[in-house]
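Below: the structure, in structure tokens.
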Amino acid sequence: MNLKNWMYLFWTTLAVGAAGSLIVGLLMQWTDTLDMNGATDILVNIAVLLGVGAMVSVYSQMGFFAYLMLNYMGNGVFSRRTWQYIQLGLALLAWLELMFFRLFVGREGKGSSDIIFGVILLVIAVGVGYFKVKMTHSSAWIPTLFFMTAFTILEIVGVLKIGVDQATLWIAAPLIACNAYQILILHRVLKPQNTYKPPQQQGLANE
């Protein structure tokens, strides 16, 4: 990945995060019937929503590059099949941590809210994995599922500890959108630097 491609990924992900935060924030405020006193309040509110979304996108990108480094090292240390099993195990542990361990072990969860969020996240992760496989190769299925579950949960755990559903939704929506966008666009960003190789040799270009 060269600087030009990285800048493209950075700015487009920034736009996705800002748009996601703006849409979700306005919808939440509309359902809460928030009063706005004039155009100034409306513009300030929009600026705040866009700013929060931009910050969430940067946080998402940090997590994504951490995932790329971990995936690169995992493929270097373990065989491809072993690394896939490890990713599945870590994804399952993260998902169980979100839905059950925080509630029954750590006494930090909110029961039904965590379960609902966990189910929604799993459905989204499966959907993103499906589209990633359609666009690349079946070898991208497990890495995509791993990133969309384990890394998203790690990134959102700080907000979950607040225990406010509105805050979780406001941050989680643009974060998940940014994560999904980055994993789905990665092979296109890397494509100019890669000629076609067999699936077992494509490495990160498929993931």
Side-chain angles (χ1 to χ4, degrees), residues 1 3 5-32 34 36 41-71 90-91 94-95 97-99 102 108-110 113-129 131-132 143-186 188-189 207:
M1 180 182 293
L3 181 60
N5 291 335
W6 177 79
M7 291 300 294
Y8 172 81
L9 183 63
F10 175 83
W11 288 112
T12 53
T13 305
L14 197 76
V16 170
S21 174
L22 179 63
I23 293 171
V24 173
L26 290 177
L27 287 174
M28 291 172 59
Q29 293 172 1
W30 177 67
T31 56
D32 289 341
L34 181 67
M36 293 289 177
D41 285 354
I42 294 175
L43 292 176
V44 170
N45 180 63
I46 291 175
V48 170
L49 294 176
L50 291 174
V52 170
M55 289 189 291
V56 169
S57 77
V58 173
Y59 186 54
S60 169
Q61 291 182 66
M62 292 171 60
F64 184 60
F65 278 93
Y67 155 75
L68 293 179
M69 293 176 61
L70 178 63
N71 191 53
L90 292 175
W95 190 66
E97 163 69 15
L98 170 65
M99 296 188 63
R102 294 179 65 249
E108 296 178 347
K110 292 190 63 178
S113 296
D114 285 352
I115 293 175
I116 292 172
F117 179 65
V119 171
I120 293 174
L121 180 60
L122 181 62
V123 171
I124 294 174
V126 171
V128 173
F131 286 108
K132 182 67 175 180
T144 301
L145 188 65
F146 169 59
F147 173 69
M148 288 301 301
T149 52
F151 272 78
T152 300
I153 291 170
L154 284 174
E155 291 167 343
I156 202 66
V157 69
V159 178
L160 292 174
K161 289 183 178 181
I162 298 175
V164 179
D165 292 340
Q166 290 81 359
T168 300
L169 177 60
W170 186 22
I171 301 301
L175 178 65
I176 294 173
C178 288
N179 284 349
Y181 170 76
Q182 290 178 100
I183 198 71
L184 289 174
I185 203 69
L186 178 63
R188 294 185 179 180
V189 174
E207 300 169 5

Could you measure the distance from the CD1 atom of Ile183 to the SG atom of Cys178? Nearest 0.5 Å is fine. 13.5 Å

Between OH on residue Tyr8 and OG1 on residue Thr13, distance to nearest 0.5 Å: 9.0 Å

Set of residues satisfying side chain to side chain contact (heavy atoms under 4.5 Å, CB included) with respect to Met7, sequence neighbours excluded: Leu3, Trp11

Before giving the answer on side-chain contact (heavy atoms from CB on, under 4.5 Å), spell out for Ile124 and Ile176 the whole-Å C-alpha distance, their side-chain angles and the decisive distance to 0.1 Å. CA-CA 9 Å; Ile124 294 174; Ile176 294 173; 3.8 Å; yes

Please name the pair of heavy atoms, one in Gly17 and one in Pro174, separated by the smallest distance, quoted to 0.1 Å. O-CB, 3.5 Å

Under 3.5 Å, which donor-acceptor pairs do the side chains of residues 46-54 form with other protein atoms, sequence neighbours left out?
none

Are Leu186 and Lys132 side-chain neighbours, meaning at least one heavy-atom pair lies under 4.5 Å? yes

Could you tell me the separation between the CG atom of Leu121 and the CH2 atom of Trp95, rounded to the nearest 0.5 Å? 9.5 Å

Just wondering, do Ile171 and Tyr59 contact through their side chains at under 4.5 Å, heavy atoms? no

Between atom CD of Gln61 and atom CG of Leu68, what is the distance when rounded to the nearest 0.5 Å? 11.0 Å

Please work out whether the ring planes of Phe147 and Tyr67 are parallel, tilted or perpendicular, with thresholds of 30° and 60°. tilted

Hey, are the side chains of Leu90 and Thr149 touching, using non-hydrogen atoms and a 4.5 Å cut-off? no

Worked verdict on Asn45 versus Leu26 for side-chain contact (heavy atoms from CB on, under 4.5 Å): CA-CA 9 Å; Asn45 180 63; Leu26 290 177; 3.9 Å; yes

Do Asn5 and Leu9 have side-chain heavy atoms sitting under 4.5 Å apart? no

Pairs meeting criterion ring-ring contact (aromatic ring centres under 6.0 Å, His included) with involvement of residues 165-185, two or more places apart: none

List in chain and number order the residues that pass ring-ring contact (aromatic ring centres under 6.0 Å, His included) with Phe10, two or more places apart in sequence or in another chain; answer none if no residue qualifies. Trp6

Separation between CZ of Phe146 and CG of Asn71, rounded to the nearest 0.5 Å: 8.0 Å

Donor-acceptor pairs under 3.5 angstrom involving side-chain atoms of residues 150-157: please list them, not counting sequence neighbours.
from	atom 1	to	atom 2	distance (Å)
Thr152	OG1	Met148	O	2.9
Thr152	OG1	Asn179	ND2	3.0
Glu155	OE1	Asn179	ND2	2.9

Pairs satisfying side-chain hydrogen bond (donor to acceptor under 3.5 Å, both in side chains), at least one member in residues 46-57, at least two apart: none

